[in-house]
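Proteins come first, then strands; the chains are lettered A, B, ... in the order of their sequence lines, and each starts at number 1. Keep in mind that what you see is a predicted model, and the values were worked out from it rather than measured.
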Amino acid sequence: MAKRRNKLEIIYDMLKSIQDKRGEIKPTHLLYKSNLSYKNLMLYVGELMENGLIEEKTDDGQKRYILTIKGIDYLVKYNEIRKFSDSFGL
Amino acid sequence: MNKFMGANVVFSPEWFYSIDAVLSLIGIIIALTLGAYTYKIYGFLRKKKYQYFSYAFFAIAVGSLIRLIMNSSVYFFLFNKSPPEFIGTIAAFALSKDVITLLGFFAGHFLTLLGFMTIFFIAHDLASKKLYFLLAYLIAIAAWFSNALFFSYHLTSAVILLGIFVKYYQNFKITGNKLVVIAFGLFTIAEIAFLFLAKSQEAFVIGEVIYVFAFIFLLMNFFMIKMGNKKNSEIKGTKSGKKKK
């Protein structure tokens, strides 16, 4: 059984999905990549936008989410913590 | 080995007197750095084990500092050295009464052992509070008896550190991270070297040097992660440069 993710891990997975798509992603792709229900995805997206980690843009009627500098900083910080934790088996 | 106000005191070779203090200070600074960083992680993730892990490093730092103060105080007193006024005041207090001297040595040993024992608990993912308090009691006894039997502190440390080393060696086989396993291997070897203090003063020098190298390996691990991540962020930042406002 897969380990239940905590909130910070979900946020990391969402931001990483956007980063892997060269910094911008369609909502449907994000829904698929983040493995969340639509309702939960919207809650998280709202929170991420509120905290300035992602932005929303619309091109030709197509909505996309964009990773901000603050979002990149979050990924960097989270990666650092993960490496440190792994090194001590935490 | 000499008796001083009820505590057993081991002298390092004379040429090593101020060097060992500097080595101890390096270890203390590294332990504080790791403790502060882990506490910062706790602030971010809010997971208890990071909080305890940071307390473990703080306990090692404070324990080492107390041991440094006690050893230096004995050194200043026995060799009639006149330290700077502030240090002299602390040294005078540390040696003002037998009970303070004994408690000082005890606190230094106990806190260091408690720090390593906490790391052992976290590394082995042990969650039993009862077991933690039982072991804390046992290390308190080991720390107290180290006043009379110097051996007991170093033997207890060596056993705990060996336990951490074994766990991190298993972790190394999964993560490939060598630095932490080398660090705890060195800590263990240093404590084994200290077991021979009664036989030779050189054991103290060897132990102290290995001990500080162990801390340096922990610091290297910390910096490698920091530097690696910085490089990574620069690359990723450039890729996503179009997102900058």
Side-chain angles (χ1 to χ4, degrees), chain A residues 3-26 29-30 33 44-45 47-49 51-59 62-90, chain B residues 34 37-38 40-50 52-54 56-57 119 122-125 164 167-181 183-184 217-218 220-245:
Chain A
K3 198 182 146 214
R4 204 179 143 89
R5 294 176 297 171
N6 64 30
K7 188 179 173 182
L8 295 171
E9 283 165 343
I10 292 171
I11 291 173
Y12 173 81
D13 288 344
M14 287 175 73
L15 297 178
K16 188 81 176 68
S17 304
I18 303 174
Q19 190 184 43
D20 290 345
K21 286 275 180 184
R22 302 182 68 81
E24 55 180 75
I25 198 167
K26 290 177 187 170
H29 285 170
L30 185 59
K33 294 265 182 189
Y44 275 103
V45 163
E47 198 175 324
L48 294 183
M49 288 206 296
N51 288 306
L53 300 174
I54 61 171
E55 284 170 0
E56 190 183 288
K57 79 166 186 181
T58 310
D59 273 343
Q62 178 71 60
K63 196 164 41 165
R64 287 173 194 274
Y65 296 117
I66 302 168
L67 191 62
T68 62
I69 293 299
K70 208 174 161 188
I72 293 168
D73 285 345
Y74 181 96
L75 283 172
V76 170
K77 194 174 169 188
Y78 196 91
N79 262 326
E80 188 181 296
I81 290 173
R82 220 147 71 161
K83 282 182 194 163
F84 184 83
S85 303
D86 287 346
S87 71
F88 283 99
L90 292 171
Chain B
L34 294 173
Y37 180 71
T38 320
K40 206 174 133 192
I41 295 179
Y42 165 67
F44 185 65
L45 299 179
R46 290 275 148 199
K47 283 189 181 172
K48 282 279 177 195
K49 66 177 171 184
Y50 290 94
Y52 298 143
F53 204 67
S54 71
F57 277 110
I119 293 175
I122 296 167
H124 285 271
D125 221 2
I164 300 172
K167 183 64 192 173
Y168 284 154
Y169 180 71
Q170 289 165 351
N171 190 42
F172 154 74
K173 287 200 266 186
I174 300 164
T175 64
N177 187 311
K178 287 180 204 156
L179 297 172
V180 173
V181 72
F184 280 92
F217 270 95
L218 287 183
M220 274 167 64
N221 176 59
F222 175 69
F223 276 125
M224 296 278 270
I225 290 166
K226 281 268 179 199
M227 299 306 280
N229 217 36
K230 201 177 164 194
K231 260 187 206 168
N232 220 11
S233 79
E234 277 164 9
I235 294 163
K236 283 177 179 162
T238 319
K239 267 188 184 171
S240 309
K242 62 179 179 171
K243 308 293 176 240
K244 284 185 184 176
K245 283 182 180 173

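- Under the ring-ring contact (aromatic ring centres under 6.0 Å, His included) criterion, B:Phe223 pairs with no residue, sequence neighbours left out.
- Heavy-atom minimum distance, A:Gly89 versus B:Tyr168: N-CE2, 4.4 Å.
- Contact annotation for B:Leu45: both backbone and side-chain heavy atoms come within less than 4.5 Å of a heavy atom of chain A.
- Both cation-pi conditions hold for B:Arg46 and B:Tyr42: the charged atom is under 6.0 angstrom from the six-membered ring centre and inside a 45 degree cone around its axis.
- Only the side chain of A:Asn6 comes within less than 4.5 Å of a heavy atom in chain B; its backbone stays farther off.
- In terms of heavy-atom pairs under 4.5 angstrom with chain B, the leader among A:Leu90, A:Asp86, A:Leu8 is A:Leu90.
- Contact annotation for B:Phe172: neither backbone nor side-chain heavy atoms come within less than 4.5 Å of a heavy atom of chain A.
- Note on B:Lys49, B:Lys40, B:Lys167, B:Lys178: by heavy-atom pairs under 4.5 Å with chain A, the leading option is B:Lys49.
- The two residues B:Ile119 and B:Ala56 make their nearest non-hydrogen contact at CG1-CB, 3.7 Å.
- In terms of the salt bridge (charged side-chain N to carboxylate O under 4.0 Å, His left out) criterion, residue partners of A:Lys7 (sequence neighbours excluded) are, by chain and number, A:Glu47.
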